[in-house]
Undergrad: 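Please read through the structure below; I'll follow up with questions.
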Amino acid sequence: MTDQYFQDRARKLPLLIDLGYDPYGQRFDGVQPNSDLRHEAERRGFEPGQSDESSVVRAAGRIVLQRIMGKLAFLTLRDSSADIQIGVSKARVSERDWKLVKLLDLGDILGVDGHLGRTKTNEITIWAQSLTILGKSLRPPPEKWHGLKDVDARYRQRYVDLFSNPEVMRTFRARSTIVDSIRSYMRQRGFLEVETPMLQPIYGGAAARPFTTHHNTLDMDLFLRISPELYLKRLLVGGMERVFEINRNFRNEGISTQHNPEFTMMECYQAYGDLTDMMSIVEGIATRCIEALDGEPKRKFREYDLDFTPPWPRRTYNELLVEHAGVDLDDSDGIRAKAAEFGIDAPAADVAVVANKLFEKTVEDGLIQPCFVTEYPAAICPLTRRKPDDPSRALRFEAFAAGMELGNAYTELNDPVIQRQTLGAQLDGEGDATMRVMDEDFITSLEYGMPPAGGLGIGVDRLVMLLTNSPSIRDVILFPLQRPLDKG
RNA sequence: GGCCUUGUAGCUCAAUCGGCAGAGCCGCCGGCUUUUAACCGGCAGGUUGCAGGUUCGAAUCCUGCCGGGGCCA
């Protein structure tokens with residue numbers, strides 16, 4: 001029967017209770033992480049067979065391996081930092097604890113007090129003095145050597161993935177390190193962390209379709225934000241000169257190795273700054289994160305060897321388009337002809353929209369080494385200031401690595417009259433994917449006066465992918481969106 | 001949405017041309033005081049994702065559906 005495993009484990013619950021154990025444990029103070037204990041053992045230089053009988057250490061974790069001999073048992077205990085071996089000798093623990101050992105299963109959560117040392121075979125080991133069961137596992141864990149491989153199961157039951165695949169745990173610990181690093185870097189540069197609405201009556205700041213929802217009491221439709229941009233700029237108007245936000249955006253679009261419907265963005269605005277400050281922040285964040293991880297600026301990602309050492313190359317949009325598509329931005333007929341060649345079927349679309357499709361198709365995949373693409377066509381950048389000596393170009397860059405867009409930055413448009421014009425304009429062919437949604441209150445805020453500013457968004461998930469060599473965004477999001485298994 | 005691919009025991013995987021569904025881990029019973037995926041002996045474990053079809057015979061071929069992965073839009 002399929003729940004044979006469950007039954008075999010469940011029948012041990014009353015046996016544990018009879019022995020006086022609570023199968024689900026109690027507060028357990030003073031646990032030292034396994035990696036700390038391992039380091040301590042190394043630092044103290046135990047000889048094979050030696051242990052420190054004069055002091056007691058405390059560990060806790062999940063049993064991932066067990067080797068039980070007649071009167072001696074070795075257990076491997078895993079916590080989020082490392083694995084460590086527990087040695088239990090029948091002669092050196094209570095009769096009760098020895099009975100406990102024989103009732104333990106792989107997957108149980110166990111606490112141990114004991115003496116740190118090494119075995120004769122030189123394995124760092126805690127020789128148990130006493131054992132405490134902290135959480136009985138009623139379900140069998142995945143195969144002890146291969147872990148959980150089934151991708152579907154890994155995402156649906158991330159908790160199993162985390163405890164059975166240590167590299168997954170390492171990735172998510174690295175993610176936390178990266179987010180910490182971004183936060184400390186921004187604060188160090190004088191930015192104030194803020195939180196702006198996720199539920200917005202008008203969405204804007206990016207070109208994407210939104211999720212919609214409804215507030216019952218106010219009887220109003222709301223959108224989950226696709227970007228915090230228009231709110232963060234209001235804060236510039238309010239006098240917060242440097243603000244940033246690390247939070248989720250929601251875009252009601254396709255799912256791929258680079259897209260999840262909810263994803264994390266670091267977005268920041270710096271009054272009196274411009275694009276060059278934002279480039280410095282992108283490079284600075286990448287460098288700070290790498291320092292916090294392992295210090296290695298040359299990193300593998302998929303089949304690529306990436307070098308994050310600043311400064312990253314700067315290339316203009318047009319020179320890349322000429323190089324890869326063989327056509328100049330200002331050559332409208334050439335753009336349309338080339339687009340047709342590449343199978344882009346958009347005869348009615350505005351030439352800037354067509355050019356951008358052509359750029360995405362011919363250029364982006366080839367941007368492997370970290371770099372900045374500058375001077376975007378102004379027509380597709382309604383929130384960006386124009387280049388003073390060439391109003392057909394916008395003071396915008398995108399950061400790329402491994403063919404992925406990593407960040408997007410502007411010298412911000414702060415002229416309310418022009419802003420009203422660009423948001424009111426509509427390019428043919430933009431369809432749903434437009435950021436031209438008129439937000440009157442945003443315009444009003446600009447009319448009060450917004451300082452000139454640089455603004456930047458960095459895709460945190462993608463940064464984590466790049467720095468942890470994770471090929472799919474689902475590998476760096478703990479609970480990626482999955483279709484439910486139960487069919488209605 | 002289109003194309004390709006995939007689903008076999010709790011887990012990891014086999015099953016030659018369409019010919020008896022198998023192994024390891026895990027579990028249960030027994031043995032074992034220095035193991036390292038411990039080991040040794042024995043036992044148990046299946047609606048081959050679901051529903052149809054072709055066939056003497058289907059995990060295998062065909063159709064549809066469900067779930068996953070990849071590429072494209």
Side-chain angles (χ1 to χ4, degrees), chain A residues 1-12 15 38 46-51 63-78 82-93 98 101-108 115 117-128 137-158 160-161 163-166 209 253-260 302-303 339 342-346 357 360-361 364-365 403 429 431-433 470-475 480-488:
Chain A
M1 59 203 289
T2 56
D3 59 348
Q4 169 208 337
Y5 296 95
F6 196 97
Q7 298 301 336
D8 282 341
R9 285 161 179 258
R11 77 177 168 77
K12 293 171 182 170
L15 300 177
R38 298 189 72 92
F46 291 112
E47 296 295 318
Q50 185 191 358
S51 62
I63 301 169
V64 292
L65 295 171
Q66 54 179 3
R67 300 170 289 282
I68 301 182
M69 286 155 272
K71 292 167 183 162
L72 180 68
F74 292 103
L75 309 171
T76 302
L77 215 57
R78 174 172 298 168
D83 292 355
I84 198 165
Q85 176 167 278
I86 309 301
V88 189
S89 167
K90 185 184 179 190
R92 297 178 59 178
V93 296
W98 185 251
V101 167
K102 291 193 285 187
L103 289 172
L104 292 173
D105 288 299
L106 290 179
D108 288 353
H115 305 300
R118 285 182 185 270
T119 60
K120 289 176 191 169
T121 52
N122 210 32
E123 179 75 23
I124 294 170
T125 297
I126 300 169
W127 288 102
S137 173
L138 296 176
R139 293 177 183 266
E143 218 252 3
K144 62 190 181 185
W145 185 243
H146 297 93
L148 185 63
K149 282 278 184 290
D150 183 87
V151 182
D152 188 24
R154 286 186 45 224
Y155 297 150
R156 288 186 196 282
Q157 295 186 288
R158 183 70 90 180
V160 178
D161 191 28
F163 73 67
S164 59
N165 295 326
R209 282 152 59 201
E253 300 187 336
I255 295 175
S256 78
T257 50
Q258 295 175 39
H259 300 85
N260 194 63
R302 295 187 192 159
E303 67 268 37
F342 281 95
I344 296 163
D345 180 30
K357 286 181 198 277
E360 286 171 1
K361 187 141 191 162
E364 290 190 357
D365 289 349
D432 288 341
S470 301
S472 168
I473 198 168
R474 295 183 200 95
D475 297 328
L481 186 64
Q482 294 285 104
R483 211 183 286 266
L485 277 183
D486 293 339
K487 34 192 185 250

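Note on naming: letters A, B, ... go to the chains in the order of the sequence lines (proteins, then strands), and numbering restarts at 1 for each one.
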Undergrad: Just call it for G87(A): base, sugar-phosphate, or nothing, with non-hydrogen atoms closer than 4.0 Å on any strand.
TA: nothing
Undergrad: Name the nucleic acid region contacted by K149(A), choosing base, sugar-phosphate or nothing; use a 4.0 angstrom heavy-atom cut-off, strictly under.
TA: sugar-phosphate
Undergrad: For the side chain of S472(A), counting heavy atoms from C-beta on, which of G70(B), U35(B), C26(B) is nearest?
TA: G70(B)
Undergrad: Going by the side-chain contact (heavy atoms from CB on, under 4.5 Å) test, name the single residue among T125(A), L77(A), T76(A) that passes it with I84(A).
TA: L77(A)
Undergrad: Do any N or O atoms from the side chain of S470(A) and from the backbone of S472(A) form a donor-acceptor pair under 3.5 angstrom?
TA: no
Undergrad: Within the modelled atom types, does a donor on one side and an acceptor on the other bring the side chain of Q85(A) and the base of U35(B) under 3.5 Å apart?
TA: yes
Undergrad: Which nucleotide, U33(B), G45(B), C26(B), lies nearest any side-chain atom of L106(A)?
TA: C26(B)
Undergrad: Quick one: is C72(B) close enough that its OP1 or OP2 comes under 4.0 Å of any side-chain N or O from K361(A)?
TA: no
Undergrad: Classify R474(A) by what it touches in the nucleic acid, base, sugar-phosphate, or nothing, heavy-atom distance under 4.0 Å.
TA: sugar-phosphate
Undergrad: Ignoring the backbone of Q66(A), work out which of U34(B), G27(B), C11(B) is nearest its side chain.
TA: G27(B)
Undergrad: Mark this stacking check for W145(A) against A37(B) as yes or no, applying ring centres under 5.5 Å and ring planes under 30°.
TA: yes
Undergrad: Of all the choices, C29(B), C25(B), G68(B), which nucleotide is nearest to the side chain of R11(A) once you look at every atom?
TA: C29(B)
Undergrad: What is the separation between atom CG on D8(A) and atom P on A9(B), rounded to the nearest whole Å?
TA: 19 Å
Undergrad: From A37(B), U33(B), C28(B), pick the nucleotide closest to the side chain of L72(A)?
TA: U33(B)
Undergrad: Measure from CG on D152(A) to C1' on G70(B) and round the result to the nearest Å.
TA: 15 Å
Undergrad: When you check the phosphate oxygens OP1 and OP2 of A38(B), does a side-chain N or O of R67(A) lie under 4.0 Å from one of them?
TA: yes
Undergrad: Have a look at K144(A) and say if it touches a base, only the backbone sugar-phosphate, or nothing, with a 4.0 Å heavy-atom cut-off.
TA: sugar-phosphate
Undergrad: Within the 4.0 Å heavy-atom criterion, would you say S256(A) contacts the bases, only the backbone, or no part of the nucleic acid?
TA: nothing
Undergrad: Using whole Å, what does the distance between atom P of nucleotide G27(B) and atom CG of L103(A) come to?
TA: 13 Å
Undergrad: G49(B) and U55(B): how far apart are their C1' atoms, nearest whole angstrom?
TA: 23 Å
Undergrad: Taking the side chain of F74(A) as heavy atoms from C-beta outward, which of G70(B), U35(B), U33(B) is closest to it?
TA: U35(B)
Undergrad: May I have the distance from D161(A) (atom CG) to G68(B) (atom P), rounded to whole angstrom?
TA: 16 Å
Undergrad: Side chain of R154(A), backbone of D161(A): donor and acceptor closer than 3.5 Å?
TA: no
Undergrad: So does E253(A) get a backbone contact from the side chain of R209(A), meaning a donor-acceptor N/O pair under 3.5 Å?
TA: no
Undergrad: Just the rounded figure in Å: distance from C1' of C72(B) to NE2 of H259(A).
TA: 13 Å
Undergrad: Counting side-chain heavy atoms from C-beta on, which of G68(B), C25(B), G70(B) comes nearest to T257(A)?
TA: G70(B)
Undergrad: Which is true for W127(A) with a 4.0 Å heavy-atom rule: it touches a base, it touches only sugar-phosphate, or it touches nothing?
TA: base
Undergrad: What is the glycosidic conformation of C40(B): syn, defined as within 90° of 0, or anti?
TA: anti
Undergrad: Nearest to the side chain of S89(A) - C11(B), U33(B), G68(B)?
TA: U33(B)
Undergrad: Students often get this wrong, so: under 4.0 angstrom with heavy atoms, is L148(A) touching a base, only sugar-phosphate, or nothing?
TA: sugar-phosphate
Undergrad: Nearest whole Å is fine: how far is U33(B) P from R92(A) CZ?
TA: 16 Å
Undergrad: When you check the phosphate oxygens OP1 and OP2 of G10(B), does a side-chain N or O of R139(A) lie under 4.0 Å from one of them?
TA: no
Undergrad: Base, sugar-phosphate or nothing for K12(A)? Non-hydrogen atoms, less than 4.0 Å.
TA: sugar-phosphate
Undergrad: Rounded to the Å, how far apart are Y5(A) OH and A44(B) P?
TA: 14 Å
Undergrad: Write down the distance separating the C1' atoms in G46(B) and C65(B), rounded off to the nearest Å.
TA: 23 Å
Undergrad: When you measure from the side chain of M69(A), which nucleotide among U33(B), G69(B), U12(B) comes out closest?
TA: U33(B)
Undergrad: Does A91(A) reach a base, just sugar-phosphate, or nothing at all? Heavy atoms under 4.0 Å.
TA: base
Undergrad: For D105(A), check salt bridge (Lys or Arg N to Asp or Glu O under 4.0 Å) against everything at least two apart and list the hits.
TA: K12(A), K136(A)
Undergrad: Once you round it to whole Å, what is the distance between C1' of G70(B) and CG of D475(A)?
TA: 13 Å
Undergrad: Quick one: do the Q482(A) and R474(A) side chains pair a donor with an acceptor below 3.5 Å?
TA: no
Undergrad: Strictly by Watson-Crick or wobble contacts shorter than 3.5 Å, is anything paired with C56(B), and which nucleotide is it?
TA: G19(B)
Undergrad: Would you mind telling me which of A38(B), G67(B), G10(B) lies closest to the side-chain atoms of R156(A)?
TA: G67(B)
Undergrad: My understanding is that a pair needs two contacts under 3.5 Å, Watson-Crick or G-U wobble. By that rule, which nucleotide pairs with U33(B)?
TA: none
Undergrad: Got K149(A) and P142(A) here, is their nearest side-chain heavy-atom distance under 4.5 Å?
TA: no
